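By convention in this document, chain letters (A, B, ...) are assigned in the order of the sequence lines, proteins followed by strands, and residues within each chain are numbered from 1. Remember, predicted model here, so these are calculated numbers, not experimental data.
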Number of protein chains: 2
Amino acid sequence: MDALTINEAAETTGWSPRMLRYIERMGLVEPERSTGGYRLYGPGELQRLRTLRGLLDEHGLALGEVGFARRMQHDDALRTTVEDWLEAEPSRPAHVPADDWLTWEQDKHERLVAEAARRADTTASNLTETL
Amino acid sequence: MDALTINEAAETTGWSPRMLRYIERMGLVEPERSTGGYRLYGPGELQRLRTLRGLLDEHGLALGEVGFARRMQHDDALRTTVEDWLEAEPSRPAHVPADDWLTWEQDKHERLVAEAARRADTTASNLTETL
DNA sequence: GTAACCTTGACACGATCGTGGTAAGGTTAC
DNA sequence: GTAACCTTACCACGATCGTGTCAAGGTTAC
């Protein structure tokens with residue numbers, strides 16, 4: 001059985017078991033189930049979980065945002081509606097983004113990066129190196 | 001001066017002045033400014049604000065989500081990174097979305113629609129029909 | 001010039017997000 | 001068969017979101 005249970009997956013990926021369930025709820029990583037209902041994380045899922053961590057840290061994203069991106073990708077009506085709305089920006093010459101927005105985003109990014117750093121040492125790493 | 005000030009814009013669009021400022025912060029609708037710093041909403045912005053309301057209600061979206069979609073559209077690195085991650089879903093035959101996720105999203109949608117309904121009657125409508 | 005409106009900034013407050021814990025019960029491995 | 005692990009379902013808690021209100025001060029219209 002080359003698949004890890006939730007606690008094993010948690011240890012190799014650095015996510016808590018709690019968060020693995022949450023991530024599944026978001027539709028981001030949905031492991032197979034054993035006949036008894038246990039989650040079974042294969043190499044694909046494990047890799048995905050690790051890159052997810054990087055994805056979030058790199059751009060200061062939240063899980064909900066990635067979940068939303070996924071939803072947009074799967075729901076054509078949603079995606080086109082949103083894109084149409086966004087593309088219809090009123091004519092503004094040389095669209096200079098509000099400074100406010102920029103610094104706001106930067107602050108958010110810093111907060112999230114700090115958070116990531118705090119979390120980094122908690123990320124133990126041993127157990128079956130299944131990848 | 002065929003542009004409305006924030007309170008006038010609020011009345012014609014149904015958003016509160018407070019929310020118009022918030023929406024601006026999100027980078028979703030950024031009106032011009034008078035020399036003295038007053039926000040000036042032109043027909044384009046007003047239309048955009050009205051369709052924004054529809055956009056949110058129709059798909060049960062939150063402002064932050066549209067803001068995120070906008071950010072993804074403007075930030076190439078962000079968009080491609082997220083898209084790449086999403087496209088690399090581990091091979092799952094006939095991807096059946098977790099029922100849990102579905103009902104969860106439905107619940108959320110219902111909540112937001114209910115919210116929208118509650119808000120609908122508060123949406124007065126008089127003032128300069130500038131569109 | 002003054003009344004009515006606008007600006008930013010702060011405090012507030014319920015709802016949701018991200019996370020952890022715990023309880024009651026089923027599954028797996030040996 | 002039993003110890004160790006898993007499941008779902010709750011309660012909790014700080015942080016952020018969406019929204020309102022208020023204060024101190026500048027702008028606009030007449």
Side-chain angles (χ1 to χ4, degrees), chain A residues 1 3-11 14-26 28 31-41 52-53 56-57 60-68 98-101 103-105 107-112 114-116 118-119 122-123 127-128, chain B residues 1 3-11 14-26 28 31-41 52-53 56-57 60-68 98-101 103-105 107-112 114-116 118-119 122-123 127-128:
Chain A
M1 181 182 310
L4 305 188
T5 60
I6 195 169
N7 270 290
E8 297 166 332
E11 283 195 62
W15 292 103
S16 68
R18 182 67 163 80
M19 287 314 292
L20 291 184
R21 298 199 183 93
Y22 188 67
I23 289 169
E24 182 177 5
R25 239 165 101 85
M26 296 278 193
L28 296 180
E32 294 286 354
R33 297 298 189 112
S34 77
T35 49
Y38 281 26
R39 290 174 181 79
L40 296 175
Y41 292 86
L52 176 58
R53 164 57 48 64
L56 298 186
D57 291 352
L61 297 186
L63 281 174
E65 291 175 320
V66 183
F68 173 63
D99 298 311
D100 195 28
W101 161 259
T103 56
W104 189 42
E105 277 303 294
D107 287 355
K108 181 181 175 190
H109 190 264
E110 277 159 29
R111 283 200 314 277
L112 288 171
E115 180 80 6
R118 185 184 59 66
R119 207 161 34 197
T122 318
T123 308
L127 202 67
T128 48
Chain B
M1 182 181 312
L4 305 188
T5 61
I6 195 169
N7 270 290
E8 296 165 333
E11 282 195 64
W15 293 103
S16 68
R18 180 65 162 83
M19 288 313 293
L20 291 184
R21 298 200 183 95
Y22 189 66
I23 289 168
E24 182 176 2
R25 237 165 103 86
M26 296 277 193
L28 297 180
E32 293 287 354
R33 296 300 188 110
S34 77
T35 49
Y38 281 27
R39 291 174 179 79
L40 295 176
Y41 291 87
L52 176 58
R53 165 57 44 65
L56 298 186
D57 291 353
L61 297 186
L63 280 174
E65 292 174 320
V66 183
F68 173 63
D99 298 311
D100 192 30
W101 161 258
T103 55
W104 188 43
E105 277 302 295
D107 287 355
K108 179 180 175 190
H109 191 263
E110 277 159 30
R111 284 200 312 276
L112 288 171
E115 180 81 5
R118 185 184 59 66
R119 206 162 33 197
T122 318
T123 308
L127 201 67
T128 49

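Rounded to the nearest 0.5 Å, atoms CE (A:M26) and CD (A:E65) are 10.0 Å apart. The distance from the CD1 atom of A:I23 to the CH2 atom of A:W15 is 4.0 Å, given to the nearest 0.5 Å.
Taking atom CG of B:L4 as the reference point, atom P of D:dA29 lies 13 Å away to the nearest angstrom. Counting to the nearest Å, the P atom of C:dG18 and the CG atom of A:L61 are 11 Å from each other. Summarising the geometry, the separation between CZ on A:F68 and C1' on D:dC17 is reported as 15 Å, rounded to the nearest angstrom. Rounded to an integer number of Å, the gap from A:Y38 OH to C:dT27 C1' is 4 Å. Between the CD1 atom of A:I6 and the P atom of C:dT27 there is a distance of 17 Å, given to the nearest Å. Note: CG (B:L63) to P (C:dT16) measures 15 Å, nearest angstrom. At whole-Å resolution of the value, CZ in B:R18 and C1' in D:dC17 are 11 Å apart. Put simply, CZ on A:R25 is 11 Å from P on C:dG18, counting in whole angstrom units.
Between B:T5 and D:dT28, a side-chain N or O to OP1/OP2 separation shorter than 4.0 Å is absent. The shortest distance between the side-chain N/O atoms of B:S16 and the OP1/OP2 oxygens of D:dG18 is not below 4.0 Å. An OP1 or OP2 oxygen of C:dT28 is reached within less than 4.0 angstrom by a side-chain nitrogen or oxygen of A:S34.
Counting any heavy atom pair closer than 4.0 Å across all strands shown, B:R21 reaches a base atom.
Remark: C:dA12 base-pairs with D:dT19; criterion is Watson-Crick or G-U wobble with both hydrogen-bond distances under 3.5 Å. Figure legend. D:dA29 is base-paired to C:dT2; pairs are counted as Watson-Crick or G-U wobble with both atom distances under 3.5 Å.
Among all heavy-atom pairs drawn from A:A10 and A:S16, the shortest one is CB-C, 4.1 Å.
Proximity of B:I6 to B:R21: side-chain heavy atoms (C-beta onward) are separated by under 4.5 Å at one or more points.
Looking at A:Y22, its side chain has no donor and acceptor atom pair within 3.5 Å of the base of C:dG20.
Here the side chain of B:R33 is nearest to one of C:dT7, D:dC5, C:dG20, namely C:dT7. For B:R39, counting side-chain heavy atoms from C-beta on, the closest listed nucleotide (C:dT7, C:dC5, C:dT28) is C:dT7. With distances taken from any side-chain atom of B:W15 to the nucleotides D:dT19, C:dG20, D:dT7, the minimum falls on D:dT19.
Side-chain atoms of A:E11 never come within 3.5 Å of backbone atoms of A:E8 as a donor-acceptor pair (strictly under, hydrogens ignored).
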